[in-house]
Amino acid sequence: MTETIASGPAGSAHVDDQPRPGRWLALAVLVLAVLLVGVDATVLGLATPFLSEDLRPSGAQLLWIGDIYSFVIAGLLVSMGSLGDRVGRKKLLLIGSVGFGAMSVLAAYATSAEMMIAARALQGVAGATLMPATLALIRNLFHDPRERSLAIGIWGAMASAGMAVGPVLGGFLLGHFWWGSVFLINLPVMALLVAVGAKVIPESRNPDPGPWDIPSVALSLVGIVGVVYAIKEAAVEGYRWDIALAAAIGVLALVWFVRRQLTLPAPLLNMKLFAHRGFSGAVLADLLTILGLSGLVFFLSQFLQMVQQRSPLNAGLVELPAAVGAVGAGLAAGWVARKLSVRIVVAGGLAVVGLSLVGCTTLHADTGTAALCFILFIVGVGAGFSFTVTADVILSNVPKEEAGAASAVSETAYELGAALGIALLGSIVTSIYRGFATPSGVSEPAADAARESLGGAVETAGQLPADQGAALVKAAQDSFVNGVDVAAGVGAVVLLSAAGAAWFLLRGQQLGSGPGRTGNAAFATAGRQPGPGSGPAAGDPVERL
């Protein structure tokens with residue numbers, strides 16, 4: 001079903017807000033895609049040592065295998081969200097799902113590092129169609145704000161569950177099959193999504209979208225990829241002229257992108273959406289939250305496996321309480337936000353995560369499983385409340401026809417926050433880690449190799465006498481834990497700052513309380529570019545969100 005705005009005599013414009021039949025079954029199909037993207041985001045890290053032995057990538061190629069997927073997704077999210085608004089979100093979701101499955105097969109049977117990099121890049125192109133399309137379809141499936149809040153909670157819960165299940169599932173598969181199996185698990189899920197989704201998901205699109213501006217697509221891709229690449233590379237390599245050039249090109253492209261959107265009659269992304277405090281506050285809260293969390297999450301797996309000597313499966317199980325907390329909080333978030341307020345739930349959730357990170361500043365090699373599980377559960381609860389309500393706020397503050405582009409803004413904030421978090425907090429961990437003193441008798445080349453990474457220290461220790469190797473590993477582990485503790489403290493400051501920003505920016509923000517109502521319905525037409533046949537005339541009642 002295509003979105004339409006019914007218009008007649010003044011005062012008679014309306015939208016059919018009756019509940020769509022089969023909407024919950026359609027939601028069940030949509031969350032399959034979200035679950036899969038969450039799994040795919042975390043499962044590759046466990047498989048990297050195994051595919052390294054098989055494909056023999058260089059150090060630079062290994063970095064590209066890990067990074068190219070997120071680079072491409074980050075660069076194309078806004079463009080793909082806008083494309084879905086134009087050609088149809090269901091159509092783009094199904095095409096992207098088929099492409100994602102095909103590229104998963106290519107990655108599973110890659111015979112060279114170059115082939116793997118190409119497959120991961122193409123997976124990123126397909127993946128960029130999935131997340132914005134699923135959230136935008138939810139916006140159009142559920143007209144009742146209360147139902148929509150619950151649907152968004154389920155959507156967020158499945159995203160959290162996918163990221164938590166990834167390490168557990170990956171650990172199981174790698175213990176029984178070859179590394180390509182972590183990609184082939186995508187196929188049955190994608191086949192089910194396409195087969196059932198084609199029948200139960202209604203089509204929706206912007207009824208008057210205007211052309212898809214190719215120069216804007218190119219500027220968005222160059223800008224986001226340039227900035228994200230520069231941040232990640234600077235964290236590892238420090239200052240280099242080529243990194244500075246990439247950052248400059250990225251920033252200039254983004255400035256040009258914004259200026260172009262402000263002049264186009266049918267922009268790829270309506271920049272006037274950011275004039276609304278609730279929309280901007282929700283996006284900023286998402287970005288800062290992921291910035292503060294991602295660096296810790298990135299290094300937590302290394303801490304569990306290389307410091308506490310846990311197996312991949314055991315490490316995944318330790319991280320599982322975070323998903324349990326996020327799922328429960330996500331399902332309850334809409335109800336709690338209406339009972340209390342949006343800013344109490346979002347700011348309170350962020351404050352809880354920040355205080356939990358304060359607890360992470362005391363991590364050490366002997367930290368018990370119960371303490372780790374408790375901290376991660378609280379982190380999950382706080383993040384579940386915050387992310388679910390901010391996603392609801394973002395969707396509630398845009399016209400339905402722009403839901404894809406707005407959803408993509410939320411996802412782009414997530415990707416950019418992850419890149420910034422890993423870069424900034426990663427640089428803290430790396431700089432502290434590299435300062436450890438090596439035991440006497442260790443040669444300078446061996447010491448340099450050990451200071452490159454904790455994995456490098458473990459590998460170097462294997463080539464030394466037993467006592468000397470054990471002392472080297474102990475020194476490296478202690479230094480790594482010190483770095484993680486400091487990074488957790490910095491992350492806590494970022495999260496508590498985000499809580500303060502959310503408290504101010506989300507003041508007065510409300511979620512809708514019934515069919516056809518929202519706390520910010522007056523914003524429904526903000527920034528729209530009227531044109532022939534584009535909607536109600538000035539002064540007419542407008543479509544309510």
Side-chain angles (χ1 to χ4, degrees), residues 77-78 135 139 145 148-149 152-153 156 254 258 261-262 269-294 329-330 333-334 336-357 381-399 402-403 405-418 420-421 424 490-513 517-527 545:
L77 276 169
V78 171
L135 197 52
R139 172 67 182 86
R148 186 168 64 238
S149 292
I152 291 172
L254 289 177
V258 171
Q261 303 317 295
L262 292 172
L269 175 63
N270 185 356
M271 302 306 298
K272 294 180 181 179
L273 296 175
F274 290 94
H276 190 271
R277 180 164 47 83
F279 182 88
S280 298
V283 171
L284 180 64
D286 282 353
L287 188 148
L288 291 178
T289 304
I290 291 298
L291 191 158
L293 276 176
S294 58
V336 176
R338 287 182 175 85
K339 289 293 182 182
L340 301 177
S341 73
V342 166
R343 75 168 180 172
I344 287 177
V345 173
V346 175
L350 297 180
V352 165
V353 177
L355 294 174
S356 299
L357 293 186
V381 169
F385 275 122
S386 174
F387 282 132
T388 303
V389 174
T390 54
D392 203 338
V393 168
I394 288 169
L395 284 186
S396 297
N397 281 296
V398 298
E402 297 183 22
S407 302
V409 171
S410 175
E411 296 300 320
T412 302
Y414 183 100
E415 293 291 337
L416 189 57
L420 285 167
L424 298 178
V490 174
V493 172
V494 172
L495 264 296
L496 293 173
S497 300
W503 182 261
F504 171 75
L505 292 172
L506 298 178
R507 184 181 69 254
Q509 190 73 29
Q510 296 178 3
L511 298 184
S513 57
R517 295 180 59 202
T518 178
N520 304 283
F523 187 64
T525 53
L545 298 186

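The basis for the numbers below is simple: all heavy atoms, side chains too, and nothing from hydrogens, waters or symmetry mates. Everything numeric here is computed off the predicted structure, so don't read it as measured data.
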Val389 to Ala337 - nearest heavy-atom pair and separation: CG2-CB, 4.1 Å

Contacts of type side chain to side chain donor-acceptor pair (under 3.5 Å), residue Thr388, not counting sequence neighbours: none

Ala285 to Leu350 - nearest heavy-atom pair and separation: CB-CD1, 4.2 Å

Ser386 side chain to Gly382 backbone, donor-acceptor under 3.5 Å: no

Contact summary for Ala282 and Leu506, nearest pair of heavy atoms: N-CD2, 4.1 Å

Qualifying residue for side-chain contact (heavy atoms from CB on, under 4.5 Å) with Val353, from Leu496, Val494, Leu495, Val381: Leu495

Where Ala499 and Ala351 come nearest, the two heavy atoms and their spacing: CB-N, 3.8 Å

Considering all heavy atoms, the nearest Gly354-Ala492 contact: O-CB, 3.4 Å

Partner set under side-chain contact (heavy atoms from CB on, under 4.5 Å) for Ser280, not counting sequence neighbours: Phe274

